[in-house]
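Notes follow once the structure below has been shown.
Proteins come first, then strands; the chains are lettered A, B, ... in the order of their sequence lines, and each starts at number 1.
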Number of protein chains: 2
Amino acid sequence: MREGPDIARIASLVGDPARANMLTALMGGTALTASELALEAGVSLPTASSHLSKLMEGGLLTLASQGRHRYYGLAGPQVAGMIEAITGVAAAVGPQRVRPGPRDAAMRAARVCYDHLAGEQAVAMLDRLVGKKVLIRDDKEIRLGPSAAAHFAEIGIDVESKARRPVCRACLDWSVRRSHLAGTLGAAILDKILLEKWARREKDSRAVIFSPMGKQAFETVFLG
Amino acid sequence: MREGPDIARIASLVGDPARANMLTALMGGTALTASELALEAGVSLPTASSHLSKLMEGGLLTLASQGRHRYYGLAGPQVAGMIEAITGVAAAVGPQRVRPGPRDAAMRAARVCYDHLAGEQAVAMLDRLVGKKVLIRDDKEIRLGPSAAAHFAEIGIDVESKARRPVCRACLDWSVRRSHLAGTLGAAILDKILLEKWARREKDSRAVIFSPMGKQAFETVFLG
DNA sequence: ACAATGCTTCGATGGGGAACGAACTATGCG
DNA sequence: CGCATAGTTCGTTCCCCATCGAAGCATTGT
């Protein structure tokens with residue numbers, strides 16, 4: 001019978017699906033509110049709150065209170081490294097799934113992540129925006145570049161942040177293992193994509209299917 | 001709501017105390033039988049068997065049947081790395097135990113991590129090898145330098161990689177929070193240390209105790 | 001002061017899974 | 001063969017904890 005660092009305690013904190021989803025969401029590097037995390041995890045607010053207090057007690061999260069908002073974030077790089085290690089094993093061991101069907105391919109290409117676009121398309125888009133210096137990537141953070149307002153106004157998107165929620169946020173993509181764009185800007189872009197009918201959402205799935213013409217338009221506007 | 005690699009599934013496997021004890025025991029690097037693991041975990045044989053089949057199904061263990069004995073071992077370095085990462089977090093946030101005992105000091109100084117050396121000694125060694133440009137550290141990756149083959153041949157270690165496993169790999173050290181050397185080269189070095197009797201393994205522990213002379217020899221060869 | 005929002009606490013419910021004893025299978029030994 | 005050792009499977013019991021609705025605090029806005 002062994003003793004030492006209580007590894008089971010830490011692992012079991014990550015071992016609940018709701019908590020695992022929350023932690024994965026926080027891997028983007030930005031702190032999120034309890035409500036946002038409840039959405040990410042797919043549980044009610046009371047349930048999320050309970051989970052969050054457990055994660056706090058376990059030392060995996062930090063809390064920054066700002067008025068009536070409470071921003072939860074990962075406690076540090078060591079915790080992030082642990083999540084990444086677990087994700088690595090899960091990814092290595094997981095693909096026991098029988099042949100990735102077309103749905104999986106579609107999911108990898110483009111899917112909804114809460115309220116914004118994720119997948120290869122989304123990662124390519126963020127790369128391009130950063131390449132054109134419309135957005136500026138600092139370490140793990142993303143900010144608007146000087147030309148951002150003009151650039152997005154042309155497309156018909158207002159980058160003024162009405163809500164308190166950040167305009168830009170990096171969100172880690174599990175299929176590509178790189179960041180894509182979240183935040184109100186990411187949400188606005190997804191809205192536009194669906195509004196212009198460049199793509200439609202697959203029913204009962206997070207996959208986003210672009211029409212041939214829609215893909216062309218998307219690439220012209222965001223990857224051009 | 002997120003999807004992707006099922007991290008909760010993997011984490012919950014580690015999240016049970018009995019299973020966590022088994023995995024920790026297997027971090028020593030040697031495969032153990034079901035009965036031995038039942039003892040380590042402090043559970044009955046049927047319970048242990050049930051846990052082991054779950055760990056097998058989760059892909060965390062390998063099984064080698066030899067007659068009526070069934071030897072369970074960690075599935076690979078990636079799994080070992082994950083356990084180390086979790087241990088690191090647990091040690092960092094853990095209930096700062098009243099005064100670290102001598103055993104803990106020994107563990108911090110040098111211990112076995114699956115099949116290679118970890119602890120302060122191992123971190124110092126990697127630093128020195130990188131300093132001498134025998135190894136080259138790129139971001140998170142470690143490669144052989146031009147002089148590596150000659151350098152290790154002198155010591156009696158062949159750096160030719162026969163297996164598919166990488167020769168060098170960085171492994172995060174929970175006690176020092178820095179990387180040490182894993183991979184086939186790391187394993188070969190541990191082999192040499194034990195073969196030359198520079199150090200012995202503490203019974204029922206992962207600690208590696210250097211003799212005064214052995215430490216001297218080790219430092220001459222690897223830190224000189 | 002009152003309403004609205006964001007979040008936590010409380011209490012009741014239900015399901016999952018960890019535990020063990022007993023019975024069963026498999027390998028080795030005389 | 002029969003007996004012993006090593007492990008797994010089965011069935012039962014029991015406890016922990018994830019879940020949600022309702023109610024309670026706290027902060028902000030009007």
* Asked: Starting at CE of A:M56 and ending at P of C:dT8, how long is that distance when rounded to a whole Å?
  -> 10 Å
* Asked: Under the side-chain contact (heavy atoms from CB on, under 4.5 Å) test, which residues partner B:V112, sequence neighbours left out?
  -> B:L190, B:R201, B:V208
* To do: Figure out the CZ/P separation between A:R9 and D:dC16, and round it to whole Å.
  => 16 Å
Listing time: all N or O pairs from protein to nucleotides 11-16 of chain C that are below 3.5 Å?
none

Protein-nucleotides 5-9 of chain D N/O pairs under 3.5 Å:
residue: D:dT5; atom: O2; partner: B:R68; partner atom: NH1; Å: 3.1
residue: D:dA6; atom: O3'; partner: B:R68; partner atom: O; Å: 3.3
residue: D:dG7; atom: OP2; partner: B:S35; partner atom: N; Å: 3.4
residue: D:dG7; atom: OP2; partner: B:S35; partner atom: OG; Å: 2.1
residue: D:dT8; atom: OP1; partner: B:R70; partner atom: NH1; Å: 3.4
residue: D:dT8; atom: OP1; partner: B:Y72; partner atom: OH; Å: 2.7
residue: D:dT8; atom: OP2; partner: B:S49; partner atom: OG; Å: 2.6
residue: D:dT8; atom: O5'; partner: B:S49; partner atom: OG; Å: 3.1

* With distance as the sole test, does A:R19 use its side chain to make a donor-acceptor pair with the main-chain N or O of A:L13 at under 3.5 Å? -> yes
Show me, pair by pair, the donor-acceptor contacts under 3.5 angstrom made by side chains of residues 28-37 of chain B, not counting sequence neighbours?
residue: B:T33; atom: OG1; partner: B:E36; partner atom: N; Å: 3.3
residue: B:T33; atom: OG1; partner: B:E36; partner atom: OE1; Å: 3.2
residue: B:E36; atom: OE1; partner: B:T33; partner atom: N; Å: 2.8

* Asked: Is the distance from OP1 or OP2 of C:dG17 to the nearest side-chain N or O of B:K54 less than 4.0 Å?
  -> no
* Structure fact -> Rounded to whole Å, NE2 of A:H51 lies from C1' of D:dT19 at a distance of 8 Å
* **Over 12 non-hydrogen atoms of neighbours within 6.0 angstrom of NZ in A:K133** => no
* **side-chain contact (heavy atoms from CB on, under 4.5 Å) against B:K197, all qualifying residues, sequence neighbours excluded** => none
* Please list, chain by chain and in numerical order, all residues satisfying side-chain contact (heavy atoms from CB on, under 4.5 Å) with A:K215, sequence neighbours excluded. => A:Q121, A:F210, A:E219
* Residue list, side-chain contact (heavy atoms from CB on, under 4.5 Å) with A:S44, at least two apart or on another chain -> A:P46, A:T47
* Asked: Expressed in angstrom and rounded to an integer, what is the separation of B:D16 atom CG from C:dC20 atom C1'?
  -> 15 Å
* Asked: Listed by chain and number, what are the side-chain hydrogen bond (donor to acceptor under 3.5 Å, both in side chains) partners of A:E196, not counting sequence neighbours?
  -> A:K192
